[in-house]
Structure formats: structure tokens, C-alpha cells
Amino acid sequence: MDNPAVYLKIVEPVPHQVVQRDEGDVGIIPITLNLTAVGFPESSLGRVEARIIGTSSVGAWRPLGLVEGDLFSGALTNVPVGEHVVEIRIVTVTDEADAEQEQARSYVTPVFVGDLWILAGQSNMDGVGKLGDIQHPETGISCFYMGDRWDVATDPLCWLLESVDPINWEVPEAELTRAILEQRQFRQHGAGLGIPFAKEIRQHVQVPIGLIVCSHSGTSMAHWDYRLADKGGHSFYGAMLRRVNKLGGKVKGCLWYQGESDTGAETAPLYYETMVSWVAALRKDLYDPQLPIIYAQLSVFYVLEPDARWPDPALWNRVQADQLALEHAIPYTAMVPTIDADLADIIHLDTESLQQVGRRMAWQALRIAYGTPISETGPRPALFGWNVGRTELTIAMTGINGHLKDVGCVCGFRVEKENRRFPFTAEITEDRLRIRLRFEQSVPVDSQLSHGAGFNPAVNVKDGLGIPLVVFGPVTV
């Protein structure tokens, strides 16, 4: 043939893809090509070369390997953190002249080396805020959507019906096409915490961020059972591992918002130990014993009257208390309180509250995953001290950012014993670092103190960054 040609199609990387950097701040960009050669004699050889073009420099061509068929797989190593153009070419070598000739060239942009974060849990991680006031997309903040596709992160991030993994399908397979079309046409809810989280991280660390969406509404810890990993895309845990492994098997950390579905009489007592085992399994499966886990404490529930349809509020509070305890039991974890959130319905956080939770998660990620803290944990109870007559209880705090905000009347506390509550007034101390409860009479020994008890408590203690005092208790005082 007089005009031999090579046709080159880049399968991977794709635009907006993020690869996880290593400890040396470099990443490995996988290269997969479809090739079609027309008219070349058998004596000709084809070599794949690639280079990266950054914002201020053009890299040298690097040989990746020889063409040995119509599919090529290789890797571009030691790519620095940042945004790149990945350019690929095919060079042929003619034996007779020992000369090289470029036969094809193509490129992909933008491709990033940065940090990957898993987003997992149930519906408050999916995001159900109204889409009227969402975060603006930014190049350099990408999402690996459930259809196994990379793109700029834009709310909604979670599209369950489009998932590659059957476990996420909410309608029969035969109805998927119609259901996906209708959801794309009419969806009005889906704002979440992922993009605000990524923006806050990027502002302080200056690295691209990729969000791996793995959450699914209504899921319990039984649904997320790590022992179902071998079921792959037919289990939530297996689907999450499949997606992470498809992206190289390494991530910077995991964001987790889950627990509402485990507040029943049978599941709430198991939550603590189940979470300990789940975190250990995830760290083992990802070969990262110090994988940072940033998670949310359960928020409010807009139910005022007892009803057989709803869980016992004491069990709701038990899961919240266990979530606080897990922060101390599992290294490299941080809990984010959400008790001050506003809701879009009876149980789902609204858009503004999810954005705030995303920023709070970012502050904790900066502390435990990046070593660049810009905040403390937020207020946590530390010590409880009585006066001699047991008429004043002082609660000392740790984790306060600055000072506690002044409020007219401190709300959210409860002191009781054997179903008897004790009236008190509560105030922030003069140094704005502690809370003091003043009682009308002496309080019996071994009474129980709680903060944020019930489904929808009135709470108002916050620190200088607006982080609320966590739900805790009952503790014996």
C-alpha cells in the first residue's frame, strides 16, 4: 500500500481523570490504546511514546513499549502533582533505513495527579439537597460517577440508576433506560457534601481532588458487610472495592455518612463493634492501615411524637454516642457533628447544611490526612466537676476553636435519674471554655447527663468556627 497509516484511539486516560499521588507527590497514569495499522510491512515496528505537558513546561517523549497488536497497555510513571495534557504518539522504525517516523499522535486533557476520596454510606452521603443553590463546578475537582466515567464534579454526584454495579439499580434492568431518562429530565434534589469538601481541601492543599461515589440510600451496616466483598458489583462493599481497584487501588481517605438505618432495637447495640470491624476490613483490603476515615455523627430527625414507624429515640442517641466513642477507639478517624443541621425533609440534610458538613469534614481531613490543621475537632466534653453541695456542674471542653460563642440561654442538656429530671439553668463560663449548670437543689450521685438527647433537640453551643458541641451521653455524673 502506498500510504500506510496508523489509527490511534486513547481509551485511558480520559478527560478529568484523577490518579492518586504517592508519598513522593508523583502518580502513575495508565495508558490504554486501541490501534489500527493499515499497509505496514511485517518488518516495521511501532513504538508507543508519551509525554506530559504541564501549565509551564513540555516534558520529553518517553517510550512506553512496542506495538504488538491492536490493543496497547502501559503506564506513564513519575507524573508530578497537577493538571496535565497527556500526549501520545506512535513511532515506526524501518529496518532498512533504521529511521523513525511518527505515524499517529493524539492527546487527552485535562488529566490530573492528586488525591482520591471515597464517598460512602447512605442517603445523606448521596446528597438530597435541593438543586437550586448548588456549588459551581471547578476544573481540578472531578468525580468518578457510578457509570464508571470521569467528569467534572457537578451535583448531583450520585446517579444510582446509571451504576455499572447491579447492586445499585433501583428498578428492574429492563426498566433502567426509561428510568434513567426520566431522572435526568426531572430530578430536582441531589446536592451533597462532596464538592464543598473537595473545594475546601483544594484551597488549603492545592492538589486536584477526585471523588469516588459509592453511597446508596437506605443502606445499613448489614448491607455494607465486608464479608460480601467477593460478590463484587452485587454487594455494596464489593462494588466499592471494584471501583477503587479500577482506579489503581489507592485513595487518600474515605468519607462516611451512615447510621440512620442501624437505629433499630436489634442493630443499634451492634453498631460500635460492626464499625470497628468494617474500618479494619477496609484498611486491610486497601493495604493502608492508617487510611483516614472522616465520618458524620447522626443529625436530627423531624419526628416529635412516638410512632411505631420510627426508632426509639434512645437507640438513635445510642448510635450517636457510639459514633463519638469510635473516634477515640479507632486511630486516624474523625467525627463531624451535624446536630445543628437544617433538614430538607424529616431526615435528610438540606443543601446549605450539607455544604457546611462537607467543609467540616475537610477541616478534619486537613488535620488527620494532610497534617495541615486549620481547626480543632470542635467542642468535646472532657471533665465534669461538681461543687461541694452538688448544685453546680461544670463541664470542661477540649477541641474548642477559639472560644464558645456567647448565647443568651444555653440549651440541649438533660440531667436525670430513674426517670426524674432535675431543673437547672445553663450558662457559658466567663472564660468561654466551659459550661456551667446551676440546679435548684442538690443532685443525687450517679445521675445521668446528656447533651442533644431525643430526635430533634434544641442545641446552641458552638465554638468560634461554628462547630457544635457533639451529642453525648448519657454519662454518669
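- Ion pairing of Arg47 with Glu49 is present here, as a side-chain N (NZ or NE/NH1/NH2) and a carboxylate O approach within less than 4.0 Å.
- Rounding to the nearest 0.5 Å gives a distance of 4.0 Å between CZ of Arg242 and CG of Asp165.
- Side-chain contact check for Ile339 versus Gln320: some heavy-atom pair is nearer than 4.5 Å.
- With a 4.5 Å cut-off on side-chain heavy atoms, Ile31 and Val86 count as touching.
- Put simply, the side chain of His136 reaches to within 4.5 Å of the side chain of Lys199, judged on heavy atoms.
- Taking every heavy atom of both residues into account, Ile209 and Ala198 meet most closely at CG2-CB, 3.7 Å.
- Note that CD1 of Ile294 is 13.0 Å distant from OH of Tyr332, once rounded to the nearest 0.5 Å.
- Glu83 and Thr139 form no side-chain donor-acceptor contact under 3.5 Å, judged by distance and modelled atom types alone.
- One finds the CD1 atom of Ile212 at 11.5 Å from the OG atom of Ser142 (value rounded to the nearest 0.5 Å).
- Between Thr338 and Gln356, every side-chain heavy-atom pair lies at or beyond the 4.5 Å cut-off.
- Side-chain atoms of Ser235 do not come within 3.5 Å of backbone N or O of Lys231 as any donor-acceptor pair.
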Run Arg243 and Asp148 through salt bridge (Lys or Arg N to Asp or Glu O under 4.0 Å) and show every step you take.
CA-CA 8 Å; Arg243 289 164 58 71; Asp148 279 15; 2.8 Å; yes
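- Side-chain N or O atoms of Thr351 include none that pairs as donor or acceptor with a backbone N or O of Leu131 at under 3.5 Å.
- Between the side chain of Thr267 and the main chain of Gly264, a donor-acceptor pair closer than 3.5 Å is present.
- You'll find the side chain of Gln258 stays beyond 4.5 Å of the side chain of Tyr295, heavy atoms only.
- Judged by distance alone, the side chain of Asn124 and the main-chain N or O of Leu349 form a donor-acceptor pair under 3.5 Å.
- By the 4.5 Å heavy-atom criterion applied to side chains, Leu324 and Val471 are not counted as neighbours.
- Counting only distance, with no hydrogens or angles, the side chain of Ser163 and the backbone of Leu160 share no donor-acceptor pair below 3.5 Å.
- In this structure, CE on Met335 lies 9.5 Å from CD on Gln364, to the nearest 0.5 angstrom.
- Two residues are said to be in side-chain contact when any heavy atoms from C-beta on lie closer than 4.5 Å; Tyr257 and Ser215 fail this criterion.
- Atom CH2 of Trp363 is separated from atom CD1 of Ile374 by 6.5 Å, given to the nearest 0.5 angstrom.
- The closest side-chain heavy-atom distance from Val171 to Leu176 is below 4.5 Å.
- Taken to the nearest 0.5 Å, the NZ atom of Lys130 stands 14.0 Å off from the NE2 atom of His348.
- Put simply, the side chain of Ser353 never gets that close to the backbone of Ala341: no donor and acceptor are under 3.5 Å apart.
- Aromatic ring centres of Trp224 and Phe236: separated by under 6.0 Å.
- Using the six-membered ring where Trp is involved, Tyr370 and Trp117 have ring planes that are tilted, between 30° and 60° apart.
- The main-chain N or O of Val81 is never found under 3.5 Å from a side-chain atom of Asp25 such that the two would form a donor-acceptor pair.
- A ring-centre distance under 6.0 Å is found for Phe455 and Trp316.
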